[in-house]
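A quick write-up on the structure given underneath.
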Amino acid sequence: MIGSTLVNDAGTAAPVAEGNSAAAIAKPEPSQPSSAPAKIRVTNLSFFYDEVQALFNNTIEIPDRHITALIGPSGCGKSTFLRALNRMNDEIPGTRVQGEVLLDGVDIYGPTCDKVILRRRVGMVFQRPNPFPKSIYENVAYGPRVHGEGRKSRLDEIVEHSLRRAALWDEVKDGLHKSAFDISGGQQQRLCIARVLAVEPEVLLMDEPCSALDPASTFRIEELMRELQKDIAIVIVTHNMQQAARVSDTTGFFLKGELLEVGPTLRIFSKPDDKRTEDYIQGRFG
Amino acid sequence: MKRSIRRGERAESVIEAAIRVSGVASIVLVLLIFVFVLREGLPLFREYSFVKFLTERGWQPTLSPPTGPWFGLLPNLWGSFLVTAGAVVLAVPLAVGAAVCLAEVAPRGLRDLLKPSIELLATVPSVAIGFVGAAAINPLVKDLFNLDTGKSALAGSIMLAFMAIPTIVTISDDALSAVPKTFRDGSLALGATKWQGISRVVFPAAGPGIIAAIMLGIGRAIGETMVVIMVTGNAGVLPDKGLWHAFTHSVRTITGTIGAEALEVGYGDAHYRALFMLGVVLFLITFALNFVADLALNRRGRRALQ
């Protein structure tokens, strides 16, 4: 079952428009992800590194205000897939995309799409915390600054708000001007999340965000994800199947560049349709 | 068995000692050179006052008493400063721009062609660069600014910039390339343009390395002798008609003075000792520049570890 459709037509008819119109749309029940509106609709996405095909005709819908987990063995293309959603792959020379990725109904690979604006709407957190060699404050203020926000008072507000949303404010509020390298790895990763939140993304892509962190930090990030999920769509790539089972509403299983199966996390982890999904989840390979 | 272990240990300690000796030798050699230069230079002050050396505005070693001779540090120091400062103004924007181009903009193929070419520039013998300067730049400067002669600080600056550029480009490029890709990705993923990422994240992160590159470039320029002898005219006093006038006229640098006069002096006389004192000053300047460059580089190294 390749490219199962998760969202019914009624769901797609109510795309989230600008700002916080979240209130206008009833929060979907987590147990019924299929009723969520699609934030991103991917159709027949293929991806090539030069002549090597890395993704094969993948179709999936990313529901809004849900956590979608992508699992699968190393090198199966899940990170490539994730990076295709904010066009980070464009930075690698010799790559090519086929298929369609609609964000709120607009093709992000279409001629009218501006990569810079796209990445503001679709933020990304990387595998290893990558704070800039600047102060904590400057890290969070970076996004708003490059988008033209110069007012100190406004920046102060954004920095505090973003750090609070990332559950980091209380730990760093007395040392906002200290180097971002002076805090722990887990704090750095939350700082990177705060940095993304400062540009108010509508979708958050997380590429194995906890793989470099200890269990306590991992727990905090997962808690944070559940909090953020109330407002934005989250897509997380993870090697850690317990993590996928713990945090996500929907899980997609990748194998050799193919999205073999997508479904509600509970079902994927209890009785998947595809034998290979079951084998992977039960640890027979990977 | 036991014996072979002992032999291994002995070999180990011999190698260690040899490495230590070669490490220490480089420091000892530099110190010995400095002590030698200082020993040859200091006796100058038995026959010529230290204060006059520092404050005299002229350099006239052959002027006969009672007016002379004059062994003034100032005109030499000024000449070195002027030529080097000019070279820095010309070289830094070009070289740092080239480094950014190499590290951030140029596609792989172009970079593989450009970087070795720029590094090759550093291997051109200085006498060849000086000759080009004398044959091409001096007449050009003369014609452009309507001067009596093209031998000028400006010509020296142009040629020294030429010599400093490869050093600055190569080391700046290394510094920029050493900035982790994750910084660039992080910036792009926030919706910053590539150029915003370069100017606001990559460039500041590489800052200490670039400063070190500039310092080493300056060090190369200020110590250069042959080129300045060939193109600056090697004569001059402190300026009294403004900066531009000084730039377009002949100057005397520390290195030029030593290079041009060292073979004509009598061993042990005051002129000989004065040249050595100039050498001491030059040594201190280059030492300070290298020290600052080293500080900057170490700061980068420490950051990269984190």
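What you see below is based on every heavy atom in this structure, not just the backbone, and it leaves out hydrogens, waters and symmetry mates. Below, read A as the first sequence line, B as the second, and so on, with proteins coming before strands; counting in each chain starts at 1.
One distance of note links CZ of A/Arg145 with CZ of B/Arg200; it measures 7.5 Å at 0.5 Å rounding. Atom CG of A/Asn130 and atom CZ of B/Arg184 lie 12.5 Å apart (nearest 0.5 Å). Distance check: A/Arg128 CZ to B/Thr182 OG1 gives 9.5 Å after rounding to the nearest 0.5 Å. Between the NE2 atom of A/His147 and the OG1 atom of B/Thr193 there is a distance of 8.5 Å, given to the nearest 0.5 Å.
Each of A/Arg120, A/Met88, A/Arg87, A/Arg83 has some count of heavy-atom pairs under 4.5 Å with chain B, and the biggest count is that of A/Met88. Taking B/Pro180, B/Gly186, B/Pro107, B/Gly197 one by one and counting their heavy-atom pairs under 4.5 Å with chain A, the maximum is reached by B/Gly186.
Both the backbone and the side chain of A/Val196 come within less than 4.5 Å of a heavy atom of chain B. Looking at A/Pro201, there are no atoms closer than 4.5 Å to chain B (heavy atoms on both sides), in backbone or side chain. Within the 4.5 angstrom heavy-atom criterion, only side-chain atoms of A/Lys134, from C-beta onward, approach chain B.
Smallest separation of non-hydrogen atoms from B/Phe183 and A/Pro131: CE2-O, 3.2 Å. Across all their heavy atoms, A/Arg119 and B/Leu188 have their closest contact at CD-O, 3.1 Å.
A 4.5 Å side-chain heavy-atom check between B/Leu190 and A/Phe132 finds at least one atom pair inside the cut-off. Looking at A/Val116 and B/Gln196, their side chains never come closer than 4.5 Å, going by heavy atoms from C-beta outward.
Other residues, nucleotides and ligands place no more than 12 heavy atoms under 6.0 Å from the CZ atom of B/Phe162. Taking a 6.0 Å sphere around CZ of B/Phe81, one finds it holds 12 or fewer heavy atoms contributed by other residues, nucleotides or ligands.
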